[in-house]
Each structure stands twice: as structure tokens, then as C-alpha cells.
Enquirer: 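Below: one structure in C-alpha cells.
Here the structure is a predicted model, which means the values were calculated and not measured. Both ligands and their constituent atoms are indexed starting at 1 by order of listing.
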Amino acid sequence: MAHPSIAQMTLDEKLLLLGGQDNWHFYGVERLGIPAIRTCDGPHGVRVHTDRPDGSCDPATNFPCASALAASFNPDLLKEVGETIAKECRHYGVQVLLGPGVNGKRSPLAGRNFEYYSEDPYLSGTLAASFIQGLQKHKVGTSIKHFIANEQETSRLFISSNVDERTLHEIYLTPFEIAIKHANPWTVMASYNRINGVYGCENTHTLMDLLKTKLGYDGLVVSDWGAVNDKVDSVKYGLDIQMPGHVELDLRLKAAVERGEIPMAVIDDHVERILRLGERVYKQSERYLTLDLEAHHTFARKTAAETLVLLKNDGILPLKKNTKIAVIGRFADDQVRYNGGGSSWLNAYRVERPLDALKTKAKVIYAPGYDQEKVTKALTLEAIAAAQQAKTVLFFTGTTSSMESEGFDRANIDLPQSHRKLLAQVAKVNPNIVVILNNGAAVDLRDTQPMARAILEAWLLGSAAGQPIADVLFGDINPSGKLAETFPLRLEHTPAYGNFPGQTDHVDYTEGLLVGYRHYDTRKLEVMYPFGHGLSYTTFKFGPLSVSTTELNAQDSLTVSLSVTNTGKRSGSEVVQLYVQDPVSSVLRPEKELRAFKKVFLEPQETQTVTLTLNARDFSVYVPHLGRYAVESGAFNLLIGASSRDIRRQVSVNVHSSDKVRPHLTLDYPYTQWIRYPQEKVQIEALVKATRPPFWWETEPPLNRWLLILKREFNWSDADEARIKAQLLEEA
Ligand code: BGC
């Protein structure tokens, strides 16, 4: 049933609703008592714009960046982050938060990788769903972004991401799909770029066929800010609201509606979605009166601690308290890297400096080391002197804000050369070095890794950037983060190398499905740190696997159980990762794919049973000629690991399905192609037996040509020929 207000609206009122009122508000209809809705960025916390003349924003909790949050592998945590941000939104009057971001990671060079969760679509979608649930529980809407294939900043306003249908579904649509299925974000943000030549905000295939029809999305599609290229086309092809405002009544659009080029039903559907959003979000009169930013800060610390990934440790960590340590680098002090640049920026409440927290645990000699990327002789000497006096050196490095941000892609994945040179100088006088990294996406660690006895990945950690780092280094917290993206050995090994950021106006996603560990594992490339990797101060033992069945039909589900024991002396968490492998397939399958995971917290010697569930989708591939996911019968391996390269247990199951996954055969294919498939082989062999064709037909000629020769030779009638062709094609 249509919303009752629609019948009362004039055409002008309806059309005005399809644009923004100002930078951060959608329109309302005052005459009908429909209020304007307020939105704000972004994925790491709410940026609260005010009316103050200086343009300042109100303070809010800055959570770790999305790539860090993903390293927690903890959906419950993401939900609580969502809830906490929601409380701040609801206090400040923000009704829709412009996040989370779930774009993919084709290349570590992509400038906004820090705003996106993972190279794995299942992990991204699962975490996004929890984050969204947390916010929407408080009636604060979300805007999952950027729909779709928006994996770079270079030429982002006009680049065409050229991507095949299977890759589009399996890699780039999946996170949106999971989030929509499990959390239904109330808005989706359509991207700046073109997808296979058509702008994201005017793309009937992505907005109508995929999002609104196939995924059955009933929410509102808003343009990225400034992404609308042609207003009439955007309205016609599925975009509901153009942002930002002030958008005036578009007379070209009005004329298109009046002459019937755009049916009124299309306009009404847009309006309906806008009104639906209005009913979903809280009303301004229902704002939360109190706001406890201190409590949120404490929670941000807990969150940050779960995202820290211990990449390397030869036993130097945890450090002993009250020893003499040298802390080198301004990232530990007044240049703390806590968020990336661009629209995810917010006025962070109480940014902690790691140096302050470290001083409470040890005797600290501090040396600034650098000013952003600049290192002078005096700074070098000071750093060396500090290192000489200390037992251990904590060296802070990472990307600077001019290296990694929205708006541009990275030039390389190196740490600043000046920092690396400084580290080498320091390493000459003190080999006990712990490197702390602040960056939003993978970096090249080839020369840093050998100089460090331990490496802690500390991301862009948000407002609570200090205490958690000190707590992990000194063992008050046991690290439990796992990489949600591979750290490659070198840029040249990365999936889209040579094909990123593409040509002037287009980028071909030629790596297809092979992104992230799907690429490194399938191509057997050595990596620096694999997907899912992260060390702990304790050890975990995985018990034997048991499965609920080893024979299942494609529509059945299956459970996989195993026990996990903390065999060390400290409490800690492990992430049990379940990958599915299809060893024999008629279409390309990545070496393995993450399909389930579970983070478990265990006291020393404690054992818990972990049960993970798989269903048909977890064995399936997207089949373009069927227009759906389908499962191919056969054996699948279920791999349980502590990272994608640390598989501890394995079991095989047989899945039975009647789906035909391989490409359609046509008579343009030669015999050699046809006989690859058992059913077709039987048909062809019957034909061979009946006709004894010339010897050379088995190789090059397409069946069409061969049939023509047979027709001549055996005097087939047209009807005979048609019957034989139909027989062959029946199952093709
Ligand atoms: C970004 C979006 C953001 C919007 C509003 C755009 O430039 O791509 O992610 O939400 O600005 O600030």
C-alpha cells in the first residue's frame, strides 16, 4: 500500500524530495508535516557539523579505521561500535550515518582502503551487517557505500570500472548482499564511478536489476556527494536522492515526467522510499539527552585493543615493566596517526598519545625522530643517543597523512624512506627493536622486518590510540587481531599490479576473482604476512574436526565442529577460520575462500567447542548464464586454520547438485570442448558411431562445420540436421 502522503503531494513537492536540501539534509515537505532528515559522515564515528560561524564540529568518539575494525574479526564488537556511534548520533540529532564502507581491495595502493574492511567479501559483509544492526537498533540509519566497484581514487568521478558479472557478484556485490540480508541498511550510497561504462548513479543494471530487484532492497539509494551526472537518467534508472543540496526543482526532470518519459509510478517509488526512511529513523524530538563521551572513550580503548595485530615476535614481547625504553617517532607523541584524511574525518574526542601511556609502564627516553617524513641530522643523532641508553627501542612509523587519504591513491606501498633510514641507523646501536606501525592498509616490510624483533600493526587507531598499544606491548592485554588483508612481499606481487589505477577513463578488473589471498594462495606467491595472520602471547591447539554429514544435497546445511584449547599460560583469543576449497571444478575457483569464522576467548587450559555452519551458498559460484548462484556436484575440502596459510585441519565432503555450472556449449565449439563433459561425450560418441566422420574433425573445426560435412556426406535432410542439432544442444 502506497504511503498516504503521496496522494496529497504535488508533482513539484515529489520532485523536490529527490534532491538534497543542503549539504547534510534531505528535503522534507513542511506543508504535510514531513520533516527533513539529517545525515553526517562517516564510518569511524560521527562528524557533527554545527551552525557555528567557524565551521567547527562537536566532539565525538573516533573509532579505529575500518581496516583495523576488521582485524578484530569480531562481529559482536562491531555491533557495539555501531551502538556507541548511534548514541552519539542520536544525541547530536544525526539521523543517518554515512557509513560503513564495504568496497573491495584490489590494490593496497587504493587511497581509501583504510575506510574499507577487508579484501574478503564475506568478512566485510558480516562485519558491516553487525555495525549496521548496532546503529539501526537505535533508529539511526546507515548508508552502506559506495555502490559499486569503487576501488580507487584516481579519476574517481569518471573512471569506468570494467568488471565481469561473476566477479561483480562474488567479490563486489557480496558485502552489500550480506549486509542487506542480515541488517537491511536503510540507505545505500551510489558511487561516483562508472560500472562497465555507465555511471553508478544512473546504472539501471546495478541499481535496478541487482540492488532493488535481485536483492529486493526496499531502502533508499542516495548519490555520493556530487556523483549525479544526469539528473533525469538518475531518476529514471534507480537513484532516489541526489546529494548534496541545495538542489532546486529540475525543470528538465519535470518535463520528462509530464511527457510520460518517466512514469509517475517510478517517481512515487522514489518518494515512497524517502518516506519509509522517515518512518524508520528516530524523530528529532526523540534525541538522547545525555552523552557520556568518557564511557565511550573507555569502550574505544577496548575496541582498539582488539584490532591490534602482532605480526612478528621473537619473544621480545611482552616487555618487562619499569625497564628503560627508548620511544622514537612523533607518531607516538604529537603527530599521532589516528584517522585517515577525507570524509571520514571527525572532531575526535580526547586523542591519546601512546607516549603518555608508555610512560606509565616504563622509564621512557623519548626522541621525536622525524617531523612527518622529514628527518634531520640532529633528529637522527638524538634518536641514536636515546637508543644507546635504553634496553629496548619502540620505533613508531607508518604512512603520513599526505601518503594515504581519500581523494588520491598511494604512489607506492613503502614506509617513508626517511623513517627506514633512521631505523637502520638506530638498529646499528640497539638491536632490540619493536616496530609499531600506523597505517590504514598493507605496507611493504621487506627491509623493516629483519631489523625488528617484533612488529605490532597499530593501524589508524582512533581517539584511544595510546593505552591499548602500551597495554599490548607490556602484556596487560594479549593481542588477538588478525589481518583482514594480506601484506604482500612487494607491490609487484599484488593482484591488480599493472592494472591499477587503469587507463585514463577505464580500469579493467582483469584479476577477476583473484583478489587478496584468493590471488596469493591460488598463484602460490610468497607473502610477508598472510590473510588471517596474527600472533598471541599464548598458544592454541585445534582438536579433530567433526562434520554433521559428509554427503549433502546442495540445499542442505552442514555444521563443522572442533575443540580449541588454550595451551599457554595467559588468557587470550583465537580466530578459527573455515575456508572452502573446490579441488575440481569446471570453472575457475580460487584456491580457498573464507566461509565462516569464530573468535573464541579462552582462559589458560580452557577448551571450547566451536561450531560453524555452511550452506549451499558456501559451495556455490555465480553463474552468469543462469543468472544465479549454483553448486557443482563433487567433493569439497573444508579447511580449518588460524590464517589462510596456517591450515590445521581438513575434511572432505560430497555435495550433490543438479546445477550445471560450466559455460553453455554451442555448436561453435569444437569436439574437443564437447567431450570434456560426460553427458555431451555420450551424445557425441553416439553420433560418431553412427556417421564415422573424417579423421581431422576431432580437433579444430567447430561442430557446426563438421555437421555440415556430415550432412553432405550422409545426405541428411534439413529435418535430420535440425533434429541432430537439437539433440546435441538439449543439455548443452
Ligand atoms: C565521499 C563519501 C562521503 C561524502 C560526504 C564523498 O566525497 O566519497 O564517502 O560520505 O563525500 O562527505
Enquirer: Backbone, side chain, both or neither: what part of Trp24 comes under 4.0 angstrom of ligand 1, heavy atoms only?
Expert: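 It is the side chain that gets close, since no backbone atom is under 4.0 Å.
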Enquirer: Work out whether the distance between some heavy atom of Met243 and some atom of ligand 1 is less than 4.0 Å.
Expert: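 In this structure, Met243 fails to qualify as a contact of ligand 1 - no heavy atom is under 4.0 Å.
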Enquirer: Parallel, tilted or perpendicular, judged at 30° and 60°: which one describes the rings of Trp24 and His49?
Expert: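 Judged by the thresholds at 30° and 60°, the geometry between Trp24 and His49 is parallel.
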Enquirer: Heavy-atom pairs closer than 4.0 Å: do any link ligand 1 to the side chain of Glu153, the backbone, both, or neither?
Expert: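 For Glu153, there is no contact with ligand 1 at all, from either part.
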Enquirer: Considering only the protein, which heavy-atom contact is closest to atom 7 (O) of ligand 1, and what is its distance?
Expert: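 Checked against all protein heavy atoms, atom 7 (O) of ligand 1 sits closest to Tyr192 OH, 2.8 Å.
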Enquirer: Any idea which part of Glu115 is under 4.0 Å from ligand 1, heavy-atom wise: side chain, backbone, both or neither?
Expert: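 No part of Glu115 comes within reach of ligand 1.
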Enquirer: Inspect the contact between Arg350 and Glu294 and indicate whether a charged nitrogen and a carboxylate oxygen are less than 4.0 angstrom apart.
Expert: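 Salt bridge present between Glu294 and Arg350.
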Enquirer: Is the closest basic N to carboxylate O distance between Glu279 and Arg276 below 4.0 Å?
Expert: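 Answer for the salt bridge query: no.
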Enquirer: Out of Tyr172, Tyr199, Phe176, Tyr217, which residue meets the ring-ring contact (aromatic ring centres under 6.0 Å, His included) rule with Phe147?
Expert: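 Output: one option passes, namely Phe176.
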Enquirer: What atoms of ligand 1 come closer than 4.0 angstrom to any heavy atom of Glu406?
Expert: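 Contacts of ligand 1 toward Glu406, numbered from 1: 1 (C), 6 (C), 7 (O), 8 (O).
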Enquirer: Could Asp334 and Arg353 be called an ion pair, given the rule that one side-chain N must be under 4.0 Å from one carboxylate O?
Expert: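 No, no charged N to carboxylate O under 4.0 Å.
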Enquirer: Tell me, which protein residue and heavy-atom name are nearest atom 4 (C) of ligand 1, and how many Å apart are they?
Expert: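 Of every protein heavy atom, Asp224 OD1, 3.5 Å lies nearest to atom 4 (C) of ligand 1.
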Enquirer: Can you name the atoms of ligand 1, numbered from 1 with element, that are less than 4.0 Å from a heavy atom of Ser343?
Expert: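 Those qualifying, in numeric order: 1 (C), 2 (C), 3 (C), 9 (O), 12 (O).
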Enquirer: Would you mind running through ligand 1 and noting each atom that sits below 4.0 Å from a heavy atom of Lys145?
Expert: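 Per the distance check, 2 (C), 3 (C), 9 (O), 10 (O).
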Enquirer: Classify the side-chain pair Arg280/Thr187 by whether it contains a donor and acceptor separated by less than 3.5 Å.
Expert: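 Result is no, nothing qualifies.
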Enquirer: Less than 3.5 Å between some nitrogen or oxygen of Trp225 and one of ligand 1, yes or no?
Expert: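 No - when backbone and side-chain N and O of Trp225 are compared with those of ligand 1, no distance drops under 3.5 Å.
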Enquirer: Answer yes or no: does atom CG of Asp51 have more than 12 heavy-atom neighbours from other residues, nucleotides or ligands under 6.0 Å?
Expert: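 At most 12 heavy atoms, drawn from other residues, nucleotides or ligands, come within 6.0 Å of this atom.
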